[in-house]
Amino acid sequence: MRNNKLYLLMLMGLMSLAACKKDFLNETPKTSISEAEFWKTTSDLQLYVNNFYTAFPSTISSFGSTGPYGLDADQGSDNMITMGVDATLNGTRIVPGVGGGWAVADWGMLRNINYFMVNYDKVNASWDNKKSYVGEALFFRAWFYFTKLKQFGDLQWINTPKNPVLDQLKGQRLSRAVIVDSIMNDLDKAVSYLPSKTKAQASRVNKQIAQLLQARIALFEGTWEKYHANTPFGVAGSDGTKFLKKAELVSTELINNPDGNGLAATPGTDGYWKLFNQTNYNGNPEIMLWRQFDLNANGGHYWHRYTNSGAGRGITKNLIDYYLCTDGNPISGNPLYQGDANLVNVVKNRDPRMQQTLYVNDGNHIVTNNRPNGVAPAIFELPTFTAANEQKPATGYQVYKGHNPDYNQQQDRGTTGYIIFRFAEALLIYAEAKAELGTFNQADADLSVNKLRSRVGMPNLNVGGIMNDPKWEFPTLSPIINEIRRERRIETACEGYRRDDVYRWAAADELFVGWKPKGAILSQWNGLVPAANLASYPVDVNGYVELFKNIPAMSAGYQFKVSRDYLTPIPISQISLNPDMKQNPGW
């Protein structure tokens with residue numbers, strides 16, 4: 001079974017995206033050969049499109065990173081925190097003078113994609129031999145615009161390089177709904193042009209990957225428009241239904257015609273954990289696209305210098321409390337729940353994914369194995385409270401998900417793959433879209449959520465028998481929506497989905513405002529860790545770590561400004577240059 005592995009593609013001098021000259025976007029993209037010599041063969045098309053793959057995340061040569069498994073902390077969410085107060089969650093960002101994601105260089109990728117779109121037809125080859133590269137270009141234009149949409153909301157739609165992009169950026173921004181319509185149009189074409197997985201080149205975007213991106217964007221915009229309706233962030237006259245139906249349609253097609261994609265088996269007590277720490281995902285049906293690292297080709301990454309410790313991050317008690325017990329019911333009033341006195345109790349009788357996401361001192365969580373000279377594996381005993389700041393745990397709950405225990409991965413650079421798209425997301429999108437449309441039934445649960453639950457040994461979701469949870473995050477919404485959102489949160493924990501989810505649900509007022517992040521009960525490590533080290537971790541009245549307790553700016557919890565902070569501000573320089581440019585709400 002073929003799989004998509006994504007190498008860090010070398011640019012070979014084809015284009016320079018790092019230019020910062022004022023007129024960069026008005027120039028013809030740089031090549032290592034003349035225009036007359038280029039656009040001759042399909043190999044030229046492939047060479048040009050290769051550059052677009054740099055849009056995907058990599059964290060190559062990034063110290064202090066744990067790859068995607070720290071993103072919930074790095075981006076700011078209620079799943080994880082870092083050792084410092086998050087400026088966005090606390091409403092302390094300011095309008096930048098320049099840059100801020102709207103600088104000239106930030107639009108360079110779009111310029112190059114559009115340049116490809118007006119030149120690819122110069123190649124003297126059949127459409128059948130060119131269309132897959134056109135599909136890739138359209139995919140990456142959608143990726144580019146989705147990234148900008150999440151930052152800024154309304155945008156200009158630019159699909160040609162003929163006129164200076166900077167001049168086009170001086171026009172009025174279009175409604176975000178119009179932008180997403182254009183993204184959907186690009187992805188409709190991409191899906192029709194790209195080959196299916198079994199016919200595609202193994203290292204490239206294919207039809208099913210484009211469908212997953214399309215379903216992701218449609219769900220994002222559909223829920224954004226629904227829950228931000230009648231606010232400055234909403235879309236006049238739209239409740240998002242059109243996009244929710246699109247998300248349902250595309251995810252249904254992907255699930256029914258997966259072409260070799262599907263959930264991977266996660267057997268045993270560590271199967272789910274192992275899904276996220278492999279160096280090679282060839283043959284794994286769930287991993288639809290991934291970046292492969294090679295010490296010789298691209299130098300690898302530094303994640304596993306940090307995944308064996310707290311990495312300056314930590315899972316919150318808020319996330320821990322949301323895992324169900326093994327009977328499929330919440331912890332409130334559940335005799336299976338063993339309390340929080342220690343890590344072993346926390347995970348006992350709980351959804352197995354928690355024990356495989358969190359370091360636990362149960363003798364089974366390996367810090368390092370395959371050590372030289374036959375030295376026995378190092379087994380997790382307690383959090384790294386005595387380490388340097390970049391290695392400390394922020395909450396006492398250390399992330400085990402994504403950790404590779406191999407000694408050789410931890411010495412300098414590692415080669416664990418970076419997962420970009422996985423099939424589980426398609427199931428979650430399908431379930432949520434159906435629930436938001438009010439059509440979710442037991443058959444839908446069995447097709448989606450219950451596949452995720454059953455593979456880790458959790459009971460099925462019974463649509464007609466959901467137990468009330470007094471701690472549901474969204475008590476005004478239906479039990480179905482609450483449980484589907486729970487499943488999404490648990491299945492994708494620490495992978496960087498949570499911030500976008502909270503934003504599109506317009507849920508910061510419920511989840512962020514006034515929230516004080518908590519961690520584990522600190523006293524469980526009394527006598528095991530020097531008192532001076534534990535003293536640097538404040539606790540609340542119940543003994544739970546409250547890292548920011550003594551910071552005056554956090555005395556009332558996070559102060560996310562719901563009238564402003566869902567979007568990023570436009571830099572002052574751009575407002576000055578463009579009289580038609582309106583600042584985002586509240587800034």
Checklist entry - Within 45° of the six-membered ring axis of Y503 and under 6.0 Å from that ring's centre, is NZ or CZ of K150 located there? => result no
Checklist entry - Will you find, in the side chains of Q208 and N257, an N or O donor that is under 3.5 Å from an N or O acceptor? => result no
Item to check | Side chains of D340 and Y337, donor plus acceptor under 3.5 Å | outcome: yes
Checklist entry - Between W303 and Y418, how do the two ring planes meet: parallel, tilted or perpendicular, split at 30° and 60°? => result perpendicular
Item to check | Ring-face cation contact, Y322 with R486, 6.0 Å cut, 45° max | outcome: yes
Checklist entry - Any idea which heavy atoms bring Q409 and T279 closest together, and the distance? => result NE2-CG2, 3.5 Å
Check residues 449-459 and write down every donor-acceptor pair under 3.5 Å in which the side-chain atom is one partner and the other belongs to a residue at least two apart or another chain.
{"residue": "N450", "atom": "OD1", "partner": "L461", "partner atom": "N", "Å": "2.5"}
{"residue": "N450", "atom": "ND2", "partner": "D446", "partner atom": "OD1", "Å": "2.7"}
{"residue": "N450", "atom": "ND2", "partner": "L461", "partner atom": "O", "Å": "3.3"}
{"residue": "R453", "atom": "NE", "partner": "E487", "partner atom": "OE1", "Å": "2.9"}
{"residue": "S454", "atom": "OG", "partner": "N450", "partner atom": "O", "Å": "2.8"}
{"residue": "S454", "atom": "OG", "partner": "K451", "partner atom": "O", "Å": "3.3"}
{"residue": "R455", "atom": "NH1", "partner": "A264", "partner atom": "O", "Å": "2.8"}
{"residue": "R455", "atom": "NH1", "partner": "E286", "partner atom": "OE1", "Å": "2.5"}
{"residue": "R455", "atom": "NH2", "partner": "E286", "partner atom": "OE1", "Å": "3.4"}
{"residue": "R455", "atom": "NH2", "partner": "E286", "partner atom": "OE2", "Å": "3.1"}
{"residue": "R455", "atom": "NH2", "partner": "E491", "partner atom": "OE2", "Å": "3.1"}

Item to check | Plane angle bin for W143 and F139 - parallel if under 30°, tilted between 30 and 60°, otherwise perpendicular | outcome: parallel
Checklist entry - Going by the angle between their ring planes, with limits at 30° and 60°, are H403 and H304 parallel, tilted or perpendicular? => result perpendicular
Checklist entry - Y145 vs W107 aromatic rings, parallel, tilted or perpendicular, using cut-offs 30° and 60°? => result perpendicular
Checklist entry - Should the pair H365 and Y359 be assigned to parallel (<30°), tilted (30 to 60°) or perpendicular (>60°) ring geometry? => result tilted
Side-chain donor/acceptor pairs under 3.5 Å, residues 372-385, sequence neighbours excluded:
{"residue": "T384", "atom": "OG1", "partner": "G310", "partner atom": "N", "Å": "3.2"}
{"residue": "T384", "atom": "OG1", "partner": "Q391", "partner atom": "O", "Å": "2.7"}
{"residue": "T384", "atom": "OG1", "partner": "Q398", "partner atom": "OE1", "Å": "3.3"}

Next on the checklist: Using 0.5 Å steps for rounding, measure from the NZ atom of K317 to the CG atom of L319.
Outcome noted: 11.5 Å
